[in-house]
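These notes are about the structure you will find just below.
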Amino acid sequence: MTQDDIKKSDTQLDHGRRKFLNTTALVGLSGVGLSVGLSGCNKESVPSAAPTAKAEASAEFGKYEVPPGQLDEYYSFSSGGHSGEVRIYGLPSGRELKRIPVFNMDALVGWGITNESKAILGTKPNGTPKYVTGDTHHVHQSYSDGTYDGKYMFVNDKIHSRLARIRMDTMECEKIIDIPNIQGFHGTFPDKRDPVDPSINHTTRVFCGAEFSLPLPNDGHDLEDGSKYKSLFTCVDSNTMDVRWQVLIDGNCDLVATSYDGKLAATNQYNTEMGVHYEDMMAKEMDACLFFNVARIEEAVKAGKVRTIGSSKVPVVDGTKAANQDPKTALTCYVPIPKNPHGVNISPDGKYYACAGKLSPTASVIEHAQVLKWFDGALANSRDAVVAEPEIGLGPLHTGFDNKGNAYTTLFLDSQIVKWNVEAAIKAFKGDKNAKVVLDRIDVHYQPGHGFTSMGETRESDGRYFVSDNKFSKDRFLPVGPLHAETAQLIDISGDKMKLVADHSVYSEPHDSIIVRRDIIKTRQIYNLDDFPLAVKDPKESGVFRNGKKVTVKLTSQAPAFSLREFKLKKGDEVTLILTNLDKVEDLTHGFAIPKHDIQFIVNPQETKSVTFIADKPGVYWCYCTNFCHALHLEMRTRMIVEA
Ligand code: CUK
Ligand code: CUA
Ligand code: CA
């Protein structure tokens with residue numbers, strides 16, 4: 001291919017992109033929904049669904065490259081969608097640094113295979129993990145005083161309604177809990193300080209929104225009638241990971257945001273209709289953003305104004321509209337928002353929530369102080385907490401903020417990011433015709449879901465970068481078969497104009513991510529032997545220890561050898577094998593694989609892991625090191641001899 005041929009084929013691809021955008025993006029919406037949904041939209045101020053030009057990389061994109069030997073400035077922690085894992089990238093390079101298995105199984109590290117990981121995942125009576133599927137959407141870290149403290153990261157599992165905690169020093173999952181009474185656990189966000197005691201200026205609660213409604217308890221009664229289903233909003237103790245309380249609500253939850261003063265948690269609601277089919281879910285012009293008064297809820301729990309559901313012991317308070325008519329005692333405040341909103345994000349100054357319209361071309365700006373005023377009984381109508389509602393484009397989903405009062409919202413249908421100014425939007429809402437609300441637009445490729453700014457979910461938002469996690473990459477990378485890579489596009493937002501500076505490919509399917517300054521994260525490079533109760537601290541402790549049919553095999557690894565050259569078992573033995581890696585050298589990880597027994601895991605320096613299996617086949621099994629560790633890595637083996 002000559003350069004000309006390549007250019008020609010790029011032009012064809014570009015043509016293909018137009019067609020793609022004009023058809024695929026609107027499939028399923030053109031007939032039923034969008035025309036209805038956008039009925040209130042002023043056509044003049046809304047751009048067409050197709051971008052007007054192919055977005056080019058900024059001319060100085062080279063300056064965003066990170067040369068060999070240099071480190072990135074930021075970590076990006078990303079959910080992995082239906083892979084069930086969490087990923088870590090460096091920014092601006094986009095280099096993938098690590099995948100953290102959470103709700104999935106991972107053969108590389110042995111997640112779901114070792115006894116330690118199974119204890120976290122939970123097991124069925126036969127010892128296999130309770131679930132091997134997961135769906136992670138939202139990752140958020142623990143806070144101190146409104147910014148990240150580098151301690152924990154929390155992530156949801158939408159399929160089985162579980163919450164996981166990852167410790168940031170090892171970047172490994174340490175705890176998973178089930179949230180009772182709900183399905184479709186979607187939005188999650190830690191609080192940023194205590195609502196009643198401001199001296200507690202760090203995360204102690206994690207809030208969890210349930211997207212799907214259910215008959216409660218979900219035990220086979222009221223199966224058909226969707227109007228009898230209910231959703232719950234849940235608070236988990238971030239330290240003990242116990243479920244503290246739940247709130248029964250009208251409608252559903254989706255995304256979750258928390259205020260900087262700890263007083264409110266918010267969730268956007270797209271199904272206030274309580275529909276069970278999508279047409280029903282978009283029947284009304286207005287849905288809501290729902291606010292929870294955290295201190296009042298906890299007082300009600302303390303006062304015992306609670307019920308429980310089914311066999312769950314979690315106290316449940318009533319946050320439905322009917323039970324919360326008087327704002328002065330209300331636990332919840334429903335702020336009407338158009339239409340099927342998706343996403344709620346708070347500005348880094350703590351003043352405003354942006355709640356995007358999805359089927360309305362608007363973003364609603366809700367003022368934190370006005371919601372508090374409503375709870376004081378000083379705002380007659382909760383809708384008056386909405387202080388701006390700019391028309392920004394088609395299919396607005398998620399919003400990130402810089403440090404200059406600007407918001408950046410993803411437009412799913414327009415395949416664009418729109419930059420708009422919050423104060424200008426408030427002025428325009430008050431009638432100022434000269435207020436310049438929309439400041440810039442940039443095409444992204446294609447159909448962005450979440451977008452987020454560097455440090456943007458903290459009071460230290462720095463206005464450097466925005467990443468657009470796009471749902472379609474189409475022609476943006478070399479074709480790799482029907483399942484495409486997805487794009488995480490890096491945009492420099494430090495100037496007046498947004499600049500597209502990189503297309504990073506990502507494996508399906510990131511939803512939300514956070515961008516964290518690298519100085520906040522402090523990791524340990526090797527483990528401490530004492531952290532592991534089973535540790536085999538000296539090679540001399542190695543051996544085969546028999547108690548009837550139950551056998552314990554203890555061994556250690558030090559490159560390039562395991563402490564046992566062979567170990568003998570009898571057919572039918574239930575074997576627990578404990579391996580400690582005594583190497584103290586950073587990055588010197590060993591692996592352990594047992595052929596035909598489906599065992600594979602790694603041990604990092606000074607780490608101990610164990611596996612339990614039945615030696616059910618007589619013969620010789622070469623257990624070998626799977627992780628390249630030494631010039632004699634291939635020679636690093638031991639024989640498992642199973643006698644008939
Ligand atoms: S949701 Cu996926 S793009 Cu689960 Cu945060 Cu909006
Ligand atoms: Cu040890 Cu390879
Ligand atoms: Ca709706």
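Read the numbers this way: they start at 1 and go in the same order the structure lists the ligands and their atoms. These numbers come from a predicted model, not from an experiment.
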Proximity to ligand 1 by part of D469, non-hydrogen separation under 4.0 Å: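 For D469, no heavy atom sits under 4.0 Å from ligand 1.
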
Shortest protein heavy-atom distance from atom 2 (Cu) of ligand 1, along with the residue and atom involved: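 I find the closest protein heavy atom is H511 ND1, 2.1 Å.
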
SG (C629) - atom 2 (Cu) of ligand 2 - SG (C625) angle, nearest 10°: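 C629 SG and C625 SG form an angle of 120° at atom 2 (Cu) of ligand 2.
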
Salt-bridge present (K339, E285; N to O < 4.0 Å):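 Yes, charged N to carboxylate O under 4.0 Å.
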
Is the [X] to [Y] ring centre distance short of 6.0 Å?
X    : Y    : answer
H138 : H186 : yes
F212 : F185 : no
Y143 : Y148 : yes

Residue pair N252 / S213, side-chain donor-acceptor N/O under 3.5 Å: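 Their side chains do not contain a donor-acceptor pair, so the 3.5 Å distance test is not met.
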
Name, closest N/O/S atom of H633 to atom 2 (Cu) of ligand 2: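 Restricting H633 to its N, O and S atoms, the minimum distance to atom 2 (Cu) of ligand 2 goes to ND1.
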
From CA spacing to verdict: salt bridge (Lys or Arg N to Asp or Glu O under 4.0 Å), E486, K474: CA-CA 8 Å; E486 295 190 359; K474 168 86 172 155; over 6 Å; no

Any donor-acceptor N/O pair, Q183 side chain to A210 backbone, under 3.5 Å: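 The answer is no, because no donor-acceptor pair under 3.5 Å joins these two groups.
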
Cation-pi, F412 ring and K471 (6.0 angstrom, 45 degrees):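 That pair does not qualify as a cation-pi contact.
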
Contact with ligand 1 for L255, non-hydrogen, under 4.0 angstrom: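 Heavy atoms of L255 do come under 4.0 Å of ligand 1.
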
K158 touching ligand 1 at heavy-atom level, < 4.0 angstrom: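 No heavy atom of K158 comes that close to ligand 1.
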
Shortest-distance N/O/S atom, H137 versus atom 4 (Cu) of ligand 1: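 Going through the N, O and S atoms of H137 one by one, ND1 ends up nearest to atom 4 (Cu) of ligand 1.
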
For atom 4 (Cu) of ligand 1, the closest N/O/S atom belonging to H186: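 H186's closest N, O or S atom to atom 4 (Cu) of ligand 1 is named NE2.
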
Whether F291 and Y353 hold their rings parallel, tilted or perpendicular, with breakpoints at 30° and 60°: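 The rings of F291 and Y353 stand perpendicular, inter-plane angle above 60°.
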
Backbone or side-chain N/O/S of M636 under 2.8 Å of atom 1 (Cu) of ligand 2: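 So M636 counts as coordinating atom 1 (Cu) of ligand 2, yes.
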
What atoms in ligand 1 come closer than 4.0 Å to a heavy atom of [X]?
X    : value
H138 : 1 (S), 4 (Cu), 5 (Cu)
H450 : 1 (S), 3 (S), 5 (Cu), 6 (Cu)
H342 : 1 (S), 6 (Cu)

Residue N627, metal atom 2 (Cu) of ligand 2, N/O/S under 2.8 Å: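 Of the N, O and S atoms in N627, at least one lies under 2.8 Å from atom 2 (Cu) of ligand 2, which means yes.
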
Among the N, O or S atoms of H590, the one nearest atom 1 (Cu) of ligand 2: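 The atom in question is ND1.
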
